[in-house]
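Read the structure below first, then the notes.
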Amino acid sequence: MAGAPQAFLLFLLLLSQPRDTSPATLFCSPKRVNGILGESVILPLDSGMMFKSITWSAPSPRQDAASGTTVPLAVVTPGGPGGLPRLVVEDERYRGRVRLYGRTYSLEISNLTMTDEGKYEAEKNLIGHSKYSCGYPLSIYKRLSEPEIRVHPVMAGNGTCNVTFTCSAGERARHLTYTWTRPAGGAVLSTEESLLVQHRLGDEDSPITCTATNPVSNSSASASPKVACEGPTPPQAPALSYCRAKGILVLGVLGTLLAGILTVHVLAAREQTRP
Ligand SMILES: *[C@@H]1O[C@H](CO)[C@@H](O)[C@H](O)[C@H]1NC(C)=O
Ligand SMILES: *[C@@H]1O[C@H](CO)[C@@H](O)[C@H](O)[C@H]1NC(C)=O
Ligand SMILES: *[C@@H]1O[C@H](CO)[C@@H](O)[C@H](O)[C@H]1NC(C)=O
Ligand SMILES: *[C@@H]1O[C@H](CO)[C@@H](O)[C@H](O)[C@H]1NC(C)=O
């Protein structure tokens with residue numbers, strides 16, 4: 001477990017520590033965490049080492065505060081023997097949105113908003129006078145919805161069509177990348193936002209797929225060069241109505257013929273009955 005080397009480091013630190021000085025603080029390397037807008041995130045803290053209390057800090061809400069400035073968020077104290085630890089939330093912004101995750105001292109924040117971004121901190125006050133401190137730079141991203149593909153076909157002469165596809169997964173999209181593949185999930189054609197495809201009129205269709213990816217999600221959409229250049233293939237409905245139109249025409253012709261024949265017969269009959 002990761003607790004063992006930490007405990008060992010702390011032991012060394014305590015040994016090298018002259019008595020009655022200011023408390024020693026052991027820092028862990030910052031743990032970058034990505035959260036999804038509207039969902040939850042866990043700031044991991046391992047439960048090794050006995051402690052008196054854990055103080056969680058949140059990014060300062062003040063716009064003019066220097067980046068990395070924190071304010072108290074919550075305090076965790078161990079429960080009695082066999083009891084659950086106590087969590088007291090001090091920051092209004094997080095009331096009802098934080099809890100300890102499972103049976104650890106990790107902090108879970110739910111219903112994330114963009115304003116939750118920034119640097120969090122956990123400071124464990126250990127038995128004795130030392131502290132263990134961890135920083136958590138938190139970034140929040142949107143879960144990507146299906147990208148939109150815009151199409152711009154240009155006839156290049158000689159029966160070829162140059163079609164430019166442009167993929168877009170919404171504005172305010174940070175750390176967003178696009179990947180064009182054909183077939184879906186197959187060979188990568190491009191990692192730009194736009195893709196130029198040459199399509200020979202009459203050739204087989206070969207759809208392309210755009211996948212938008214950000215640090216928390218990915219989403220794909222496909223488009224067809226053939227449809228972009230030649231228009232949608234006629235669906236079944238017009239063919240049906242064409243058949244129906246033909247049927248009606250045939251019926252009409254038959255009807256007229258029948259009427260004609262009848263008229264001729266009736267006229268002939270009248271001629272015969274005339275004296
Ligand atoms: C968090 O979101 C859920 C569902 O979106 C909602 O029911 C709940 O009231 C929200 N809680 C807080 C504290 O905003
Ligand atoms: C079509 O694309 C080809 C290959 O990129 C290019 O050489 C040609 O100039 C383009 N034609 C038109 C009309 O855009
Ligand atoms: C058009 O196609 C013909 C025959 O396929 C070829 O000889 C000619 O070079 C082509 N012209 C252009 C501009 O691509
Ligand atoms: C896309 O997201 C799925 C889960 O939604 C994941 O399993 C997959 O590895 C991701 N693919 C890429 C290329 O990031």
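All ligand and atom numbering here is 1-based and tracks the order in the structure. Atoms considered below: every heavy atom in the structure, side chains included; atoms not considered: hydrogens, waters and symmetry mates.
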May I ask you to decide if S110's main-chain N or O and R97's side chain share a donor-acceptor pair within less than 3.5 Å?
yes
Quick one: does N218 get an N or O within less than 3.5 Å of an N or O on ligand 4?
yes
Which atoms of ligand 1 sit under 4.0 Å from any heavy atom of G96?
13 (C)
Subset of ligand 1 atoms that lie under 4.0 Å from at least one heavy atom of R97:
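Under 4.0 Å from R97, ligand 1 has these atoms: 13 (C).
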Sub-3.5 Å N/O-N/O distance, N111 and ligand 1:
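Yes.
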Is there a side-chain contact between P59 and K119 (heavy atoms, below 4.5 Å)?
no
Could you check, using the six-membered ring where one of them is a Trp, whether F27 and Y132 have ring centers closer than 6.0 angstrom?
no
Within the 6.0 Å centroid threshold, strictly below: W56 and Y136
yes
Pair T211, S220 - check side-chain hydrogen bond (donor to acceptor under 3.5 Å, both in side chains), show working.
CA-CA 4 Å; T211 303; S220 301; 2.8 Å; yes
Distance only, no hydrogens: is a donor on one side chain within 3.5 Å (strictly under) of an acceptor on the other, for T25 and S133?
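Absent: no donor and acceptor within the cut-off.
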Identify all N/O pairs between ligand 2 and the protein with a separation under 3.5 Å and present them as a table of atom names and distances.
| unit_1 | atom_1 | unit_2 | atom_2 | d |
| --- | --- | --- | --- | --- |
| ligand 2 | 2 (O) | N162 | OD1 | 3.2 |
| ligand 2 | 2 (O) | N162 | ND2 | 2.4 |
| ligand 2 | 2 (O) | Q198 | NE2 | 3.4 |
| ligand 2 | 11 (N) | N162 | ND2 | 2.8 |
| ligand 2 | 14 (O) | N162 | ND2 | 3.1 |

Count I, L, V, M, F, W, Y as connected when their side-chain heavy atoms are under 4.5 Å apart, and connections chain through other members. Are I42 and V98 then in the same cluster?
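No, I42 and V98 fall in different hydrophobic clusters.
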Given S194 and T166, is the side-chain hydrogen bond (donor to acceptor under 3.5 Å, both in side chains) satisfied, shown in steps?
CA-CA 4 Å; S194 292; T166 307; 3.2 Å; yes
